[in-house]
Protein chains: 2
Amino acid sequence: MLVGMPRWESDAQGRLERAALELFETQGFERTTVAQIARTAGLTERSFYRYFPDKREVLFAGNELEAHLAAGVEAADPGLTPIEALLNALGTADEVFQSREFLLRRVKVIAASPALAERDLIKLADIAEALVGALDHRGVEPGKARFIIDVAIAVSRRATSRWLADPDATLSDLVAQTAAELREAVAPPTRTAG
Amino acid sequence: MLVGMPRWESDAQGRLERAALELFETQGFERTTVAQIARTAGLTERSFYRYFPDKREVLFAGNELEAHLAAGVEAADPGLTPIEALLNALGTADEVFQSREFLLRRVKVIAASPALAERDLIKLADIAEALVGALDHRGVEPGKARFIIDVAIAVSRRATSRWLADPDATLSDLVAQTAAELREAVAPPTRTAG
DNA sequence: GTCTATAGGGCGATAGAC
DNA sequence: GTCTATCGCCCTATAGAC
């Protein structure tokens with residue numbers, strides 16, 4: 001036996017994640033079995049469930065984004081309004097994103113499966129809930145915090161969608177542009193005399 | 001055989017829905033089986049699936065809210081801004097709600113189960129998607145429409161949550177109040193000289 | 001790893017209503 | 001006869017228990 005020959009191939013979780021994305025792309029989520037993902041990654045079905053509590057989670061592992069955003073809001077200048085603090089943090093989300101290539105593949109797979117779309121939404125809701133705690137430290141009451149977070153996430157979704165489509169723009173610029181769009185949309189209309 | 005004696009008890013779907021809510025309340029969603037719901041409603045498990053494509057859906061049947069909101073937006077005064085049209089419609093959502101009593105039971109059951117919370121979120125997303133079509137008829141581009149809808153839904157969620165807690169306020173008043181809160185939250189801060 | 005309950009789909013049988 | 005609601009039985013996959 002050669003020295004340095006590992007007993008198991010490394011990064012079982014990563015292999016499962018890559019195998020799953022690949023299979024979901026080619027066959028669709030519903031028509032892919034957990035056993036198939038595991039086999040493709042050189043593992044057994046049982047081992048899959050050691051890494052992921054259910055089949056959907058294989059596309060949603062990791063808390064980096066939530067942690068990054070919460071940290072960003074906690075660290076924000078106390079002089080900023082809550083929405084400013086949130087949007088600044090959301091504008092740096094790309095710091096924890098994978099390659100745009102990978103994100104686009106993932107977004108497409110998720111959009112193609114209602115089951116994955118559900119999971120995606122609750123993951124976003126989990127992030128929102130985590131940010132309530134961060135705003136709480138700034139003295140924002142939870143109900144109001146959740147409301148402002150929902151608005152900020154709406155801005156972020158629009159900005160991120162644009163950013164995925166336009167390789168040249170920066171995310172934080174698009175967040176700022178979308179925030180301006182928000183201010184305009186909620187302002188009372190200028191009813192010019194007709 | 002007596003005249004008027006139906007072969008089956010009527011309203012099988014309603015019986016399933018009531019049995020499910022009751023069982024989810026007492027046992028929780030996960031610990032309730034489809035067979036149990038069906039038995040309680042006097043049906044078999046197989047028949048359950050004739051009415052609902054899956055176990056979660058038993059709490060989410062019906063499209064009344066989506067239809068009501070889409071119709072409200074379609075019928076809105078063309079002079080209103082998109083967000084005004086949306087918020088007006090959302091302020092009348094109570095017209096298609098069940099009793100507050102029933103809503104509170106349902107909200108509690110959904111909040112207690114991650115699986116049901118997921119389904120709840122995607123139902124809201126489905127409504128949002130339907131409203132994109134309604135705003136399209138008003139000449140709003142889809143990406144922008146979805147953004148404004150997400151913001152309006154954030155307002156509506158906060159207003160509805162307050163309305164459920166406060167039996168005396170009207171939903172449309174609370175929507176208006178929350179819209180004012182939104183305008184204040186997104187306005188640049190008045191930085192008084194320090 | 002093995003075992004098992006449950007979800008959920010396919011297909012056909014049955015039995016009134018018409 | 002057709003239509004429609006229900007049930008029966010078979011199957012696989014998920015996911016949790018042991």
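Quantities reported herein were computed from a predicted structural model and do not represent experimental measurements.
Within residues 44-55 of chain A, the residues approached by DNA chain D to less than 4.0 Å at the level of any non-hydrogen atom are A:E45, A:R46, A:Y49, A:P53, A:D54, A:K55, in residue-number order. A heavy atom lying under 4.0 Å from DNA chain D marks the following residues of residues 16-38 of chain A, by number: A:T32, A:T33, A:V34.
In this structure, A:L121 CG and A:L116 CG are separated by 11.0 Å, a value rounded to the nearest 0.5 Å.
A:E17 and A:Q13 share a donor-acceptor pair across their side chains, judged by distance under 3.5 Å alone.
Across A:V155, A:I153, A:T160, a single residue satisfies side chain to side chain contact (heavy atoms under 4.5 Å, CB included) together with A:R157, and that is A:I153.
Straight-line distance from the CG atom of A:L116 to the C1' atom of D:dT14: 15 Å, rounded to whole Å. Nucleotide D:dT4 holds its C1' atom 15 Å from the CD atom of B:Q13, rounded to whole Å.
When the shell of 6.0 Å around CD of A:E184 is examined, it contains 12 or fewer heavy atoms from other residues, nucleotides or ligands. Within a 6.0 Å sphere centred on CZ of A:R50, other residues, nucleotides and ligands contribute 12 heavy atoms or fewer.
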Using the salt bridge (Lys or Arg N to Asp or Glu O under 4.0 Å) rule, take B:R18 and B:D11 through it: C-alpha gap first, then chi angles, then the decisive distance, then the call.
CA-CA 11 Å; B:R18 288 185 292 274; B:D11 192 22; 3.4 Å; yes
What verdict does the salt bridge (Lys or Arg N to Asp or Glu O under 4.0 Å) test give for B:D150 and A:R158, after you've listed the backbone C-alpha separation in whole Å, the side-chain angles of each residue and the deciding distance to 0.1 Å?
CA-CA 10 Å; B:D150 284 347; A:R158 175 146 169 79; over 6 Å; no
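For the pair B:R56 and A:E118, the salt-bridge criterion is met [side-chain N within less than 4.0 Å of a carboxylate O].
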